[in-house]
Amino acid sequence: MHAYRTHTCGQLRKEAVGQRVRISGWVNRRRDHGGLLFIDLRDHYGITQCVVEPDEAAFAQADRCRSEWVVTITGPVVARTPDTVNKENPTGEIEIRIEEINIESMAQELPLPVFGDMDYPEDTRLKYRFLDLRRERIHKNITLRSKVISSIRRRMIEQGFTEFQTPILTASSPEGARDFLVPSRMHPGKFYALPQAPQQFKQLIMVAGFDRYFQIAPCFRDEDARADRSPGEFYQLDLEMSFVTQDDVFAAVEPVLHGVFEEFANGRAVSPAPFPRIAYDESMLKYGVDKPDLRNPIVIADVSEVFARDDVEFKAFKNKTVRAIPAPGAASQPRSFFDKLNDWARGEMSAPGLGYIVFEDDGGKLAGKGPIAKFIPEPALSALAQKSGVKAGDALFFSADAKKDRAAALAGQARIRLGRELGLIREGEFKFCWIVDFPMYEWNEEEKKIDFSHNPFSMPQFDRAKFLALDQADKDTILGLKAYQYDIVCNGLELSSGAIRNHDPDVMLKAFEIAGYAREETETKFAGMLNAFRFGAPPHGGTAPGIDRIVMLLAGEENLREVTMFPMNQQAQDLMMNAPSDVTQKQLRELHIRVVQPETK
RNA sequence: GGGGGCGUAGCUCAGUUGGUUAGAGUGACGGCCUGUCACGCCGUAGGUCGCGGGUUCGAGCCCCGUCGCUCCCGCCA
């Protein structure tokens, strides 16, 4: 018989009754009935109940066992009587009579119980991650993650993609996120950077003539964390294709994402492919964000011109962009509901407020109620109702600002809030869409200059000759430029960002010049890529869905830590391994590094 | 860098208007119990109320500061 096990803890069924078996695992739970002792033994595969009575040889040893001790149990499989079968457990029709029990390892009193599914403090969970990972829910999530990655890999390979690895130690690049730097020992004062994404490498792979590349790629960005953004490192399904249009990329990615979501949806509905495409400008108008949650039925409308009418006397909204956010059925909400939203807008969103009108039925006609209703005569009220699609029983909130972007943003946040508070979000659905036609550039108000809006490597949607001829005087044209740049969004989460790339060195130099990079500077900083583009670069494009976010959605979790095996905390510390940590003077000397601590107050 | 929330037993939490000796559940330990599967019953131990200062006759509670965790804003091509 094997030293540790003949079966796993999730394996034995009625058919095994009569066999003498051996299983090993952790003591999940111990139930001492005095005359009879139960031990539920747990491993990766399941839980098996084991039982021993006081007059049996193994009793004394079994009686010593405590939660999370690791033991090996040997004995015959016996059938349980019908009234003692546990239908909740796949092994619940049998149990093992303990003939021998061997203690492999003991456990101290636990800082965090494995059994049960209560919430525990984040720092305790992270410090004792190995215990946390034994718990059913997160153990399942991590296993799901592995299955999702296998499925993605299989689907990509089936579609003719080839997996390549790219360097982890590379060069720091301007633009984008803050880099993690790695000092060079052999080149004093110089640094490697960890890749924010294999962006340039995958484009070089295309130039090298490999087509349809993919990689489950680690990405490193030294930026602050969010619930849906891991500190430091995360994984992307990075992919790139040659000789493709935007439509070709969509056609390649949709079946993979749709397929993997269907596979693990467990009854939840998944948007059929092709996913709807929403232009960036349309998304900012209708949803107030560039990552709309389409499970939320609320659609924002622009009503600026209604408030501009001469018969509307509400001065606060004159000469402003005004967006209307319908709140279906909100007319029956108490006054506090409206006050709370207004407080939120004034506080958290630092807006002047969130006006509203409640629509009621007045003998077959719509009547407006609420603080600002008296400023709006009937014809204007009808125009509002018509533009926003509200009816009697609904409320209409208003977001107004002299700056269009701010009005849109507040409206977007209000839409999300209203959707949640009114219970309008349809759970159990995965609603995908593409956001397309992102602006190429945006105005940087602080530095009074033009910045790249998203990916500097995107191809502008503009005639090549005209693009090369652009200059400072064409600011409006430049800020109106769209790029072949697209995001995949699911349930309000940005799952991926991609683009048809700019493979033309002249257009690239011009694109960077517009964003304030002198030609020599671009030549130096992107030498590898520019140089490559001068030796025959194929038109190419791709995208990079976030693996962690995909798994988070499929696992139904709200935080990436629930689907990451060994995550860092929000301050980018690994509480289990104690990273980051001090290093020795010797190490620093070898790296030609001297530490200058920040001044303390 | 900024804002919100939280911090009381190993763990999850309660703790009234500032008032005597800070409680419960769970876990640990001991005892009882032959069919449980969140077993049940009895008992014991377990506390720098995050830390420091202040107000007060008196602070877990109020004030100031500080630290930790978390969520959000900034940031994230």
Side-chain angles (χ1 to χ4, degrees), chain A residues 28-42 47-56 59 66-68 78 80-89 91-92 95 107-128 131-132 173-179 196-197 199-200 219-232 234 344 347-350 409 413 438-442 446 451-458 483 485 487 494 497-499 501-502 511-512 515 517 526 544 546 558-559 561 569-571 573 575 600-601:
Chain A
N28 193 55
R29 204 137 173 87
R30 193 189 102 102
R31 288 179 299 279
D32 181 3
H33 287 244
L36 170 82
L37 175 68
F38 294 103
I39 289 176
D40 289 342
L41 203 64
R42 182 196 74 241
I47 294 177
T48 298
Q49 175 169 285
C50 306
V51 62
V52 65
E53 293 177 21
D55 52 355
E56 297 177 61
F59 183 85
R66 292 293 178 267
S67 287
E68 299 308 308
V78 299
R80 300 203 206 171
T81 60
D83 56 315
T84 60
V85 165
N86 182 355
K87 291 194 183 68
E88 307 291 308
N89 189 341
T91 66
E95 64 196 5
Q108 300 174 5
E109 184 172 355
L110 303 168
L112 138 116
V114 173
F115 178 78
D117 62 348
M118 286 208 306
D119 290 330
Y120 298 97
E122 206 62 38
D123 44 343
T124 311
R125 291 183 59 191
L126 293 178
K127 183 169 179 193
Y128 299 96
L131 286 178
D132 194 31
S173 73
E175 287 288 329
R178 198 175 290 117
D179 285 319
Q196 297 174 26
Q199 181 65 38
Q200 294 188 62
C219 303
F220 306 90
R221 296 178 190 176
D222 189 3
E223 296 291 351
D224 291 348
R226 290 289 183 279
D228 63 353
R229 208 167 75 204
S230 297
F234 60 98
W344 160 79
E348 211 169 305
M349 299 299 293
S350 51
Q413 293 307 309
F438 275 82
M440 182 86 188
Y441 297 103
E442 64 192 20
E446 281 170 30
D451 276 351
F452 283 112
S453 182
H454 288 82
N455 187 323
F457 305 113
S458 305
Q485 158 89 39
D487 282 1
E494 181 194 313
S497 194
R501 318 297 175 187
N502 183 350
F512 275 85
Y517 290 85
F526 299 99
E558 302 274 321
N559 194 299
R561 282 189 297 267
N569 69 5
Q570 201 182 29
Q571 279 75 245
Q573 297 165 303
L575 298 175
T600 47
K601 283 180 269 184

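Letters A, B, ... are given to chains in the order of the sequence lines, protein chains preceding strands, and every chain is numbered from 1. Scope of the values below: all heavy atoms of this structure, side chains included, with no hydrogens, waters or symmetry mates.
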If you take atom types as modelled and just measure distance, does the side chain of A:Arg80 reach the base of B:C37 with a donor-acceptor pair under 3.5 Å? yes
Rounding to the closest angstrom, what is the interatomic distance between B:U12 and B:U55 at atom C1'? 34 Å
Distance check: side-chain N/O of A:Arg31 vs OP1/OP2 of B:C39, anything under 4.0 Å? yes
Check this for me: does any side-chain nitrogen of one of A:Glu68 and A:Arg29 sit under 4.0 Å from a carboxylate oxygen of the other? no
Stacking here means centres under 5.5 Å and planes under 30°; does A:His33 stack on B:U36? no
Base, sugar-phosphate alone, or nothing: which one does A:Tyr120 contact when heavy atoms must sit under 4.0 Å apart? sugar-phosphate
Could you tell me whether A:Ser453 contacts a base, only the sugar-phosphate backbone, or nothing, with contacts defined as non-hydrogen atoms closer than 4.0 Å? sugar-phosphate
Salt bridge check: are A:Asp32 and A:Arg30 linked by an N-O gap of less than 4.0 Å? yes
Do A:Arg66 side-chain and B:G27 base share a donor-acceptor contact under 3.5 Å? no
Report the residue (A:Asp123 or A:Ala177) whose heavy-atom-nearest nucleotide on RNA chain B is the more 5′ of the two. A:Asp123
Pairwise C1' distance, B:G10 and B:C41 [rounded to whole Å]: 24 Å
Taking pairing as Watson-Crick or G-U wobble with both contacts under 3.5 Å, can you name the mate of B:C76, or confirm there isn't one? none
Need one value for A:Pro456: base, sugar-phosphate or nothing, where a base atom within 4.0 Å counts as base even if backbone is also close, heavy atoms only. base
With a non-hydrogen cut-off below 4.0 angstrom, is A:Gln199 in contact with a base, only sugar-phosphate, or nothing? base
Could you grab the distance from atom CE of A:Met440 to atom CG of A:Asn455, nearest 0.5 Å is fine? 8.5 Å
Could you tell me which non-hydrogen atom of A:Thr124 sits nearest to which non-hydrogen atom of A:Pro111, and how far apart they are? CG2-O, 3.8 Å
Sugar-phosphate, base or nothing in reach of A:Arg561, heavy atoms under 4.0 Å: sugar-phosphate
I'd like to know if A:Arg125 reaches the base of B:C11 with its side chain, counting only an N/O donor and acceptor under 3.5 Å. no
